[in-house]
2 protein chains.
Amino acid sequence: MQKKRVTLADVARLAGLSPTAASMILTGRPDTRLSAEAHAKVHAAAAELGYRPNVAARALRTDQSRSIAFISDYVATTRFASGLIRGALAAADAAKNVLLVLETGGEPARTLRAIEAALDRQVDGVILAAMRAREVFLPDIAISVPTVMLNGTNARLPISVLPDEFEGGRTAVRLLAEAGITDRLVLLGHNPEEERGQFRSEPISRRLAGIRAEMAAQGLTFADELSSWDWEVSNGYDLVRRLLRKDRPRGLLCLNDRLAFGAYQALGEAHLSIPGDVALVSFDNDELASYLRPGLTTIALPHQKMGQLAVELLLNGPLAAGERLVPMSAVSRGSLPATTS
Amino acid sequence: MQKKRVTLADVARLAGLSPTAASMILTGRPDTRLSAEAHAKVHAAAAELGYRPNVAARALRTDQSRSIAFISDYVATTRFASGLIRGALAAADAAKNVLLVLETGGEPARTLRAIEAALDRQVDGVILAAMRAREVFLPDIAISVPTVMLNGTNARLPISVLPDEFEGGRTAVRLLAEAGITDRLVLLGHNPEEERGQFRSEPISRRLAGIRAEMAAQGLTFADELSSWDWEVSNGYDLVRRLLRKDRPRGLLCLNDRLAFGAYQALGEAHLSIPGDVALVSFDNDELASYLRPGLTTIALPHQKMGQLAVELLLNGPLAAGERLVPMSAVSRGSLPATTS
DNA sequence: TGCATTTGCTAAATGGTTTTAGCAAAGGAC
DNA sequence: GTCCTTTGCTAAAACCATTTAGCAAATGCA
């Protein structure tokens, strides 16, 4: 007993006009010559019947579905990275679009399948997102709709939205310098191969480049650089524990918040106080940063803005090649001593 | 110069058959009488041309879009809750479906808009998800497709997938008892109104009910019950700090992992060791639990399985009313003393 | 008045698939 | 040889909105 869906023809009939007229009026065509009276009648009829256009029919005719695909390697691995989706969702919603979310696990075969599934559904655009910034796999298939990379790069698709890691790196160092932490400074998480851009992540190389640049500008040097391939909590803990056996740092520059959390644990065990004995600055503004005690001062990844920008780029095309860098801003909590100004 | 999309008519022409035949063969109709030769020719032609069906056209004709809507209050508020989406995504993908993700912020107006947007797009089913288990707003609109609640409840829509909180609560207490923690036991996060089911969350009431039931069964009582409206890290810290001023608990039963993390911080400051001085059990298996030192033993919310089940229910209909309870299993890390068996 | 233009609207085609109804040929029963 | 059934396939309608081309009436201009 499902009531049949209301179609445009129903609206037209009730308004005493043709479907043509109803369509033109409801889609708000600019140059039409239909009377004000006709407009009123159609709108009234549509409202009365609760008319909702059939998107499939419209898509068939116009090749536009008002939906865009968000294809990512992982869906919100970090709570914070889910900001990418959230930002995209908000921007899509604002433009009366809808997001098709697909997950690839980073696997080429699934990526291909995901792109095809999206294309089959007539999406108006594709966002290829990476939860952790890095070079992204792009299958060898022509994507016939506008496409942007989000938080990742690929040489074959030079349209991307990225955090401004270089400036972010500089900001972190500046924060330390401004807080008067200028010696016994240790870098946590650096990885030599990484820095040479060999592996993983071009954006992370930029983060390091920014750090180096600002260190030089401030005339500072690191007393030590502890490298680690993974950047998990346990790595931070192990590195700092080992460090504390020989040296006592004054400041720790951690390449992400999880490393910093590990550092907190090691410092706590050694009964060192933050920021009195050791100050910390970190990157990402992971959910963790606000949980720690004292709160962790960190350079935030602007995930939400990035997601939003990606959708806006797609929708407001045409797309120009190039990178859009979104600023990373410092979130000051308690892991740096208050500036004496 | 975009090559035009390959249509079914193209395939039929190449195969030397009618579109009717091609359609029947490619959709795998069971009772057709087309020859084996015809099957071979159509499949060959489709493969050669790289034919992909136009989902919009198919949706128009069949009212089925092979896509389902995942409408949630928040997208992955907790990193862990994103398991809901991930599970749904995996199950959808396995059935060659796609997920339309929409966020409502818990607002009635946005919820209504989201449902309409989904229905406009001919989704085959709707999942109404809540990131934090609770009573969910349901707008007064007829949803013409199969619908399930995920991690939330609503009296008007009695089809839901929920964690088995009652059994989960019992498991937590059993874990403590088995580890020999039977006195100076403190409950952390209980809220009297909550327990009476007045506010927020029916599922959480069940968690408490399970705890009470198993405590009684084991002949145990709580030495103290610390209540708090919010369950953030800082609440756990404050409560335990205050507790330590007068008492020293032997075991802490925390109602979620964030509270437990706060407890870790307070215990650490007081130089109490875990699990030697104080043992902890908690709920959720938030990402946090694995970061802590020692790791936090916690009763996991089976988010991924729940998301998967929700999609499977929709796809394998017909839907019977009722709750599907998904078991919560214990994840043992280091916050309980090893069992002496 | 006669012709051209503008105004206000509609008929019909279109998009790509599924599905209903049915056709022609072959085979079977008698 | 006739009639009925089965086999293998197709023509055409249907789904619903958009859009092109164009029609009839009214208006403008001389």
Side-chain angles (χ1 to χ4, degrees), chain A residues 2-43 45-46 49-67 96 119-122 124 144, chain B residues 2-43 45-46 49-67 96 119-122 124 144:
Chain A
Q2 280 293 0
K3 243 200 294 194
K4 245 188 127 27
R5 246 192 107 108
V6 177
T7 82
L8 187 63
D10 298 329
V11 173
R13 201 172 312 121
L14 178 59
L17 289 168
S18 69
T20 309
S23 170
M24 286 171 155
I25 288 170
L26 290 176
T27 53
R29 268 214 181 181
D31 56 344
T32 186
R33 296 181 308 239
L34 295 162
S35 65
E37 193 198 3
H39 276 79
K41 281 194 294 187
V42 167
H43 281 123
L49 297 175
Y51 170 71
R52 312 230 81 216
N54 181 321
V55 177
R58 180 180 286 173
L60 182 57
R61 190 65 237 259
T62 63
D63 261 321
Q64 300 225 331
S65 59
R66 299 195 86 75
S67 59
K96 292 187 185 306
L119 256 31
D120 286 352
R121 284 167 179 79
Q122 255 77 35
D124 300 341
S144 49
Chain B
Q2 279 292 359
K3 245 200 293 191
K4 256 205 123 12
R5 245 192 109 104
V6 177
T7 82
L8 186 62
D10 298 330
V11 173
R13 200 172 314 121
L14 180 59
L17 289 167
S18 70
T20 308
S23 171
M24 287 170 154
I25 288 170
L26 290 177
T27 54
R29 270 215 180 182
D31 56 343
T32 186
R33 297 183 309 241
L34 295 163
S35 66
E37 193 199 4
H39 276 80
K41 279 194 297 186
V42 168
H43 280 123
L49 298 176
Y51 170 71
R52 313 229 80 215
N54 181 321
V55 177
R58 179 179 287 174
L60 181 58
R61 187 65 234 255
T62 63
D63 260 317
Q64 300 224 334
S65 58
R66 296 196 89 74
S67 59
K96 291 188 185 306
L119 257 30
D120 286 352
R121 283 167 180 81
Q122 255 78 34
D124 300 341
S144 49

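All chains are named by letter (A, B, ...) in the order of the sequence lines, taking the proteins before the strands, and each is independently numbered beginning at 1. None of the values given here were measured: they were computed from a predicted structure.
Between the side chain of B/S65 and the main chain of B/A59, no donor-acceptor pair closer than 3.5 Å is present. At least one donor-acceptor pair closer than 3.5 Å links the side chain of B/R121 to the backbone N or O of A/R66. Under the 3.5 Å distance criterion, the side-chain polar atoms of B/S23 are left unmatched by any main-chain donor or acceptor of B/P19.
In terms of the salt bridge (Lys or Arg N to Asp or Glu O under 4.0 Å) criterion, residue partners of B/R52 (sequence neighbours excluded) are, by chain and number, A/E116, A/D120. With sequence neighbours excluded, the residues forming a side chain to side chain contact (heavy atoms under 4.5 Å, CB included) with B/P53 are B/Y51, B/R58, listed by chain and number.
Looking at heavy-atom distances under 4.0 Å, B/A56 makes no contact with the nucleic acid at all.
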N/O-N/O pairs, protein side and nucleotides 23-25 of chain C side, under 3.5 Å:
none

Shorter than 3.5 Å, N or O on both sides, protein versus nucleotides 11-13 of chain C: list them out with atom names.
from	atom 1	to	atom 2	distance (Å)
C/dA11	N6	A/T20	OG1	2.9
C/dA12	N6	A/T20	OG1	3.4

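When distances run from any side-chain atom of A/L8 to the nucleotides C/dG16, D/dA17, C/dT10, the shortest one goes to D/dA17. With C/dT18, C/dT17, D/dT10 as the candidates, the nucleotide lying closest to the side chain of B/S23 is C/dT18. Set against D/dT10, D/dC16, C/dT19, the side chain of B/R29 has C/dT19 as its closest nucleotide.
The list of salt bridge (Lys or Arg N to Asp or Glu O under 4.0 Å) pairs with a residue in residues 6-26 of chain B, not counting sequence neighbours, reads B/D10-B/R13.
Within the model, atoms NZ of B/K41 and CG of B/L14 stand 10.0 Å from one another, a figure rounded to the nearest 0.5 Å. Here CG of A/L119 is found 11.0 Å from CG of B/N54. Values are rounded to the nearest 0.5 Å.
Terminal axes of the helix from C/dT1-D/dA30 to C/dC30-D/dG1 (five pairs each, C1' rotation axis) are separated by 50°, to the nearest 10°.
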